[in-house]
Amino acid sequence: MKFNSIKTLLIIILIIGLLSWALFPIFYSLIISLSGFELPTKFGFPKEITLSNYIEALKDKEVWNAAWNSVLIGFGATFISIFTSIPAAYAFSRSNNKLSNFLLYLFLFFRLFPWVALAFPIFYLMARFRLVDTYWGVSISHSVWIIPTSIWYLKGFFDMAPLELEESALVDGANPIQVLTRVVLPLVVPGLIAVSILAFIASYTEYLYSLILTRTHTTTLPVLMAGYLSEFKVEWRKISAISILSSIPMILFYSYTLSFMKRGTLTGVIKG
Amino acid sequence: MIIWILLLILLILSLLDVASAQRITISVTNRKGWRCTEGIKANLPKFEEATGIKVNWIDIPPGELTAKTLAELEAKTGAFDVIMASAEFDLAAYYPYLLPLDKYIIKKWGSVANFRKLISAQAAKAAVWEGKTYYIPFHGNAQFLIYRRALFEDPKERSAFKEKFGYELPAPPKTLKELIDVAVFFTRPDKNLWGLGIPLGGKYPQHFLEHVMLGAGIDVIDLNTGKPDFATGLKYRRAIEIASFLNDLVNKYKVIPPGAKTMGHVEMREIWKLGQLAMAFSWWGDHWDVLNSPEFVKAVGPVGSAPLPQWPGSPPSRRGGRMSIWSLGIVNTCKNPDAAWKFIEWFISEENLETEAKTSGAASHWIEVDKKSAEKGFLAKGLVESLPYSIPPRLGFVKQGPQLITAFIEEAQSMVVGASTPKQMVDKLLARFNEILK
Amino acid sequence: MKILRWQYTLFILPALLIMLIFFAYPVILIFYFSFLDYSIVRHTKEFIGLANYIKILQSNLFAQTAYNTFIWVLISTLLPLLLALVAALLTYERFLGYSIFRGLFSLPMIFIPSSTAILWALMYSEPFGLVNHLMDLLNLPRQIWLANPSTVLPAVSIANAWYGTPMSYLMILAGLESLSTEVLEASEVDGASYWQKVRYVILPMVYPVILLVGLLRLIDVIRSFALIWIMTQGGPGTASTTLPVATFKVSFLQYDYGIGSAWGVINVVITLIISIFILRRQRV
């Protein structure tokens, strides 16, 4: 394609505009988190660049506690949802009767449900089970939302796996569980990793259920950070530092999504 | 496969809550980041060492405190043993879930009457429900005015003021008219100086309105009838005037920094420190030590304090406006009420209450302690002059309190940001109150 | 395809069990609660039929909430879609620095909603925020973006749009890259200009992808709660109260679980009707 100079200029302007839209908030937050004593009330760079806000954030036991909780609950939710979704997705992929079709659509229905509507009943239920402010309770509440999505994605991967190996294993007298764990799962490992990452990230970013189901013992990062905003907006420098630090695990998701793009299969996964 | 099993075991182990079951543990709620209890929190190890009782100190962000406490109490989760309640809205909502403390009070002070003599009359009223005592107060506070003394004493400013308004610059203003004059005088947006800083984000417009209304003799809710008392007549007109007063400060005189609409008092304190305010009104009892710290005095000079001028034609006995009473109570599902009582006893010990006054500047409702704190200069003049003449909001004394305050906050916010006029606000407020109280 | 027998349905059991206990049962509970006068501040719990629904549908709050939800969904769906489309059209030809642009433009994705809320609350804050610094540069009056009933909803929606743009961008880009190059080359041979090519060749071809991305985003946005709650709590007044925010607020700040549950049911019905309508048309 040929570009004349005006077009090139236009495109460059557009690119700069788009990039500033995406990057300015991050850049500004970064500047604030690196600035010294005074916040700028006029446009300009801070007089003093310092890492002290990050050090202060990293010294805060509360932040570490919340980060640890987030990661633990993330693993818990991933674990629960993956280990229940694998057999379910496999069954949905391999059986084609009315019951399983009905159940499959039921799971699609779950996926569309507005989370906030169930906030109170979930709290009520967890309180009955004595699961409020426990890692299990929060993990389960997250996995309720992750399971339907995971099943949809995993079913897609199972559908793509070839059937011949399974058939021969069944003929050899292996039972269905053996077929699943020995033959089919190794074929879908990349898909499994993808779904695990998405599950972990879904739990890591979850706010609403963490808010209502945690007190202090299991407070997660999103809840802790939202709490800062409600009352202590003066600590902009520190909370900017924390919000930047909190995105470290998200780099996993980010790089994964980008690398997925290269293979051009993203839409397939998203469509589920 | 083995790796999977190991992982599984590891996960289960890590998810199990390893509770230290050997020691008696009591769980205590606290408003997270509240300067008034930070000092007491720092003293906790002493208590734990002396009694062997472990304290599980649960910090809950202020905005969620009532919602979380009520939900947990209603679900009977047993998560909290000692709860913090406030006369602003939740005394009446909590007490059905609490343990009467008369037994302990009689043991400690001989009789309930003796106990009630030790605390302020308002706190004594707030402690008793249906003839039984449920609450032990530990914190008393009121909103008051602070002003930059150096600015007010500057001869140049004084002569300029006199020239413009025809009378001496009052330090501090004694009437609302003077307050407006002084605020208008010092408001210089081009120099980033504002006359009067009132935090107006979130719940704060409601705090201001209720302060002036209570000071003007409007109870908001009449406890005898259980209905709003500003529905008709003089009080209705006065409520509209008070709402208009706030509205005028924001939109007509424009003496409040525009950013105040998203601020709380912590942020307003930072604006104060930047030297952008001549006067400010809020819960300065939470920050009195900081306002007087060398860092602040170096930045903006010494600080003076005074009560907010009262609404003209109001009963002088109410000139202090709105007071807060924060108290402790024991949840009736508590497994170790004796340990919980020991904690409360320790919490309100003279040492702790003095720490509270020293590290924040708040009073305690304990008459002797407050007298000493005032003598030692821990309390602001504005607070000492306000507190005896103020009353706690009536919303805390009706069981729908938490619901009423949500409505009040919403309507006050709407007016401050210009979504409704003062009259509309008062009318809407009355309609919503009547609906809730029906 | 059908090599497995009905027994495999048993494999679904663990997932189904969790969903029944922690999903289906709460769903039943909200329907049940929505017919009760259930308030923990008034200590009531009695059956009152449809009164809660009637109260909500008659209230001003419902009309305002519906309007707010519409604006919120509109801005936070269309804006990212538009920006993502422009960015995708600019970049699918893999110019020099393509992967750098893609990486940087997708960067907002690495934040969690709470961080996004903090980032944008800082952007909008007065006197420290960047948005107001920019207003100074443009000689426009400073605004209190999050405390002005007419700007709060667009402001929060823009924050949400910022957060949602990268995902829309990557999906549209994937759609564009999967187009067959032959048609594009053919159009170039025909001497079509760049705009003609975009208008008559590319857009019609990626239209299904754009629609899909937009609709998936819509389904997400209509349910989303975290960002708006953290930034404004539905305020000032009720100026930024959307359907999920109202549902949460009535339950947890007005302590009225009966009406809160009725809000929840209304929320569910509206969301599901829209989602199912969309998905049936789209056959996703």
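This one's a predicted model, so the numbers in the text were calculated from it and none came from an experiment.
- For chain C, no part of B:L200 is nearby; none of its heavy atoms comes within less than 4.5 Å.
- With sequence neighbours left out, the side-chain hydrogen bond (donor to acceptor under 3.5 Å, both in side chains) criterion links C:T77 to no other residue.
- Contact count versus chain C (heavy atoms, under 4.5 Å) is highest, among B:A93, B:S420, B:A419, B:P258, for B:P258.
- Environment of CZ in B:F296: crowded, with over 12 heavy atoms of neighbouring residues, nucleotides or ligands closer than 6.0 Å.
- Of the atoms belonging to C:D256, it is side-chain heavy atoms, and not backbone ones, that fall under 4.5 Å from chain B.
- Counting non-hydrogen atoms of neighbouring residues, nucleotides and ligands closer than 6.0 angstrom, the NZ atom of B:K227 exceeds 12 such neighbours.
- Look at B:E435 and C:K55 and you find a salt bridge, because one of the NZ, NE, NH1 or NH2 atoms lies within 4.0 Å of a carboxylate O, short of that distance.
- Annotation for B:P402 and C:Y255: closest pair CB-CE1, 3.1 Å, computed over non-hydrogen atoms.
- For the pair C:Y257 and B:A71, the tightest heavy-atom approach, listed with the atom from each and the gap, is OH-CB, 3.8 Å.
- With rounding to the nearest 0.5 Å, the separation of OG in C:S39 from NZ in B:K399 is 9.0 Å.
- Here C:W145 contributes atom CH2 and B:K261 contributes atom NZ; the two are 13.0 Å apart, rounded to the nearest 0.5 Å.
- Residues C:N148 and B:V417 have side chains not in contact (no heavy-atom distance under 4.5 Å, counting atoms from C-beta outward).
- Contact annotation for B:T66: both backbone and side-chain heavy atoms come within less than 4.5 Å of a heavy atom of chain C.
- Between C:I40 and B:Y97 there is a side-chain heavy-atom pair separated by less than 4.5 Å.
- Scanning residues 403-415 of chain B against chain C with a 4.5 Å heavy-atom cutoff picks out B:Q403, B:T406, B:E410, B:Q413, B:S414, ordered by number.
- Of the two parts of B:P96, only the side chain, counted from C-beta on, holds a non-hydrogen atom closer than 4.5 Å to a non-hydrogen atom of chain C.
- At a 4.5 Å heavy-atom cutoff, C:Y124 makes no contact with chain B through either its backbone or its side chain.
- The shortest heavy-atom contact between C:Q254 and B:R432 is NE2-NH2, 3.8 Å.
- Of the atoms belonging to C:L253, heavy atoms from both backbone and side chain fall under 4.5 Å from chain B.
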